[in-house]
Structures are given as C-alpha cells and as structure tokens.
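A note on names: the letters A, B, ... follow the listed sequences, proteins ahead of strands, and every chain is numbered from 1.
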Number of protein chains: 2
Amino acid sequence: MNIRKSKPRGAILEELQKLKTHPRGDELYDIVRRRLPQISLGTVYRNLDLLRRQGRVAAIFCGDFNRYDGDISSHPHFLCRQCKRLWDFEASGIPEKIEPVRDDDVFQVEGHYIVFYGLCDRCPSE
Amino acid sequence: MNIRKSKPRGAILEELQKLKTHPRGDELYDIVRRRLPQISLGTVYRNLDLLRRQGRVAAIFCGDFNRYDGDISSHPHFLCRQCKRLWDFEASGIPEKIEPVRDDDVFQVEGHYIVFYGLCDRCPSE
DNA sequence: TTTGATGCAAAGTATTTGCAATCGG
DNA sequence: CCGATTGCAAATACTTTGCATCAAA
C-alpha cells in the first residue's frame, strides 16, 4: 500500500504535535475541524491509526487504544481515572530498560509504557 | 453507604479471581452468567467498580478503565493491541519504586502500572 | 422496616466500517 | 488513469443509568 500525502493527514499530525494533553480521536477531531471544517471523524481515526503504524505518533492503548501522543519519545504519563485525561508526567526511578523475562513466541513485544493514575485537581474524590 | 453482601457480588469476585486473563466487564458477565443465569450486565459493571473502590480488585484503566484483575498485587501486564486481551507478564528491570518528581496539588497519585504491548500469538501482524 | 442491590432496557460514549466520490502521483 | 483517501452515515462495541422491584440486616 503506497501511502500518499493528504491535507487532512498533515493537519491531524500537526495539531496533535501541538498539544500537551493527549486526546482521543474524537477530541482531536474537534480541534482539527476548526482548521478543516469539512473533515470527518472517520478520517481522523483512520489517520491516527495509520500514523501509529508508521511510528509517527504514540498510542497509549488499553482496552481501546484511544489516547494519542504526538511526542513519540518514551515517557511516563499521568491518567486521571475520573475525567480520563492524560498528561506527561515526570517520575524518578524510571529504569533505562525493562525487558521481558522470556522471549517466547507467545508475545511479540513492541514496547511498554508506564502510567501513573489517580485524580487531577479538577476532579473531586469520590 | 452501608455495603451489604450479595450473591451476585460474591460470584463476580470469585470468578474474576479464578481468571488468568483480565476481562472487561462484559466478558466477565458472560462467565458469571454460566453460574447465575439471571444476572444482569449492569450488576457486573456496578460491582466491579464497587470492588475497585474497595481495593478488592485492580483496574487497568486508560481511556475507559475497563480491564479488571482479581490479583491486586502490583505486576506488569502484556496487552495485545489487536485483540485487546491482557495477561500477567514477567519482566526484568522493574524498579522497586517509581515516584513522582513533584508532589504538587495538580495530581493526586494513587499508583502506577506498567504495560507491555504488542501482538499475541493468535493475532497476525498487520 | 429500611435502604442497598438487582434485573431490565434504554441511552450514552467512543470507535469502526461500507461505499460512492474525490484527489494525488 | 489507478488506487489511496475522503466525507458521510450507519453500524458496532462497550459502559452507564433510570426505575420499579427485591432482599439483607
């Protein structure tokens, strides 16, 4: 499959890279739409997945892999378990490398991520 | 709110603790239903959230916190980004403790988790 | 008796998909 | 031109919620 350039894809990548918080597909759609009003939701989701496959954006997947980060360097995140927003997060004690104990044929490991969770200042505790 | 015992809740916790793979609410519903055919999906979701608040089950949250683990000890997981199943995973280099650099009032950290991702042996590569 | 918990069904939220039209190389 | 990409809309997947009823203490 020969990948072409397209205006929507360029805009999606640029807008994602501008953000410090890491949006879901639909949230990024709302942002990109301010620039390309005719863009469709499906296009945003399709391109985010394509960009992820190309390694040009990072996806924090779990359940549904639905948070994207324009910064592809490995770094920990903080996730608010109430509002579900995700931020970059600094932590000490992050190891240089973490490796699977066994390299068998059951799991084909591509990478890993570290997620801190809790509540952000905008979310009241239960 | 005074928490009572109930047969559905007991069955949900027991069935979850039996599993090695970590189901979503609807998957656990299918399992518990074999034992309590009249149980409803809403009951399973409500109880999983209650058990999580009590610290009796672990939730791997992200986006939607929808994978539950009956083993509440801290351990890394492997997530297949295609079929979205989640397993326990052994890795070396896991630090004893990882800590936030700043303890400010923006984030109230409750814990963290490490997720390896990639493809499992049942999922073909793209 | 009190009120927490349930079953059911409808609604809500996020994402994916089919298809004809469009655009890039 | 050819086939990758799009917009649109319908479909799907998973989770939450309202409410009348049931049941634990």
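Here the C1' atom of nucleotide C:dA5 and the CD1 atom of B:Ile3 are 11 Å apart, to the nearest Å. Residue A:Leu48 contributes atom CG, which lies 11 Å from atom P of D:dT6 at whole-angstrom precision. Protein atom CZ of A:Arg67 is 12 Å distant from nucleotide atom C1' of C:dT13, rounded to whole Å. Between A:Arg53 atom CZ and C:dT16 atom P there is a gap of 11 Å when expressed in whole angstrom units. For the pair B:Leu51 CG and C:dG4 C1', the computed distance is 15 Å after rounding to whole Å. The distance between atom OH of B:Tyr29 and atom C1' of C:dT6, rounded to the nearest whole Å, is 13 Å. Put simply, CZ on B:Arg9 is 12 Å from P on D:dA24, counting in whole angstrom units. Between the NZ atom of B:Lys5 and the P atom of C:dT6 there is a distance of 14 Å, given to the nearest Å.
The side chain of A:Asn47 places an N or O atom within less than 4.0 Å of a non-bridging phosphate oxygen (OP1 or OP2) of D:dT6. Residue B:Arg24 has a polar side-chain atom (N or O) positioned under 4.0 Å from OP1 or OP2 of D:dC14. One finds no side-chain N or O of A:Ser6 lying less than 4.0 angstrom from the OP1 or OP2 phosphate oxygen of D:dA4.
Listed in residue order, the members of residues 10-17 of chain A having a heavy atom less than 4.0 Å from DNA chain C come to none. Residues from residues 30-41 of chain A with heavy atoms under 4.0 angstrom of DNA chain D, sorted by number: A:Gln38, A:Ile39, A:Ser40.
A:Glu15 places no side-chain N or O within donor-acceptor distance of the main-chain N or O of A:Ile12, the cut-off being under 3.5 Å. Of the possible polar contacts, one joining the A:Thr21 side chain to the A:Leu86 backbone as a donor-acceptor pair under 3.5 Å is found. A donor-acceptor pair is defined here as one N or O able to donate and one able to accept, closer than 3.5 Å; no such pair exists between the side chain of A:Arg52 and the backbone of A:Tyr68.
Between A:Cys120 and A:Arg85, the shortest heavy-atom distance links the atoms SG-NH2, 3.6 Å. The nearest pair of heavy atoms linking A:Pro8 to A:Ile39 is CB-CD1, 3.9 Å.
The residues B:Arg67 and B:Glu27 are annotated as salt-bridged, a charged nitrogen and a carboxylate oxygen being separated by less than 4.0 angstrom.
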task = For the pair B:Tyr117 and A:Glu110, evaluate side-chain contact (heavy atoms from CB on, under 4.5 Å) and give the outcome as yes or no after the intermediate values.
result = CA-CA 6 Å; B:Tyr117 60 87; A:Glu110 295 172 355; 3.9 Å; yes
message = Using side-chain contact (heavy atoms from CB on, under 4.5 Å), reason through A:Ile60 and A:His77 one step at a time and then give a plain yes or no.
response = CA-CA 9 Å; A:Ile60 309 299; A:His77 289 105; 3.5 Å; yes
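For B:Thr43, whose side chain is taken as the heavy atoms from C-beta onward, the closest listed nucleotide among C:dA5, D:dC14, C:dG7 is C:dG7. Considering only the side chain of A:Arg4, D:dT5 comes nearest among D:dT5, C:dT15, C:dG4.
Judged by atom type and distance alone, A:Arg46 reaches the base of D:dG7 through a side-chain donor-acceptor pair under 3.5 Å.
For the pairing with A:Phe116, the ring pair (Phe, Tyr, Trp, His ring centres under 6.0 Å) check across A:Phe78, A:Trp87, A:Phe89 returns one residue only, A:Phe89.
At a threshold of 4.5 Å between non-hydrogen side-chain atoms, the residues A:Asp69 and A:Val57 do not count as touching. B:Ile31 is listed as a side-chain neighbour of B:Leu19, based on a closest heavy-atom distance under 4.5 Å.
From one end of the helix from C:dT1-D:dA25 to C:dG25-D:dC1 to the other, with five pairs defining each end axis, the axis direction shifts by 40° (rounded to 10°).
A donor and an acceptor atom, one from each side chain of B:Asp71 and B:His22, are nowhere located under 3.5 Å apart.
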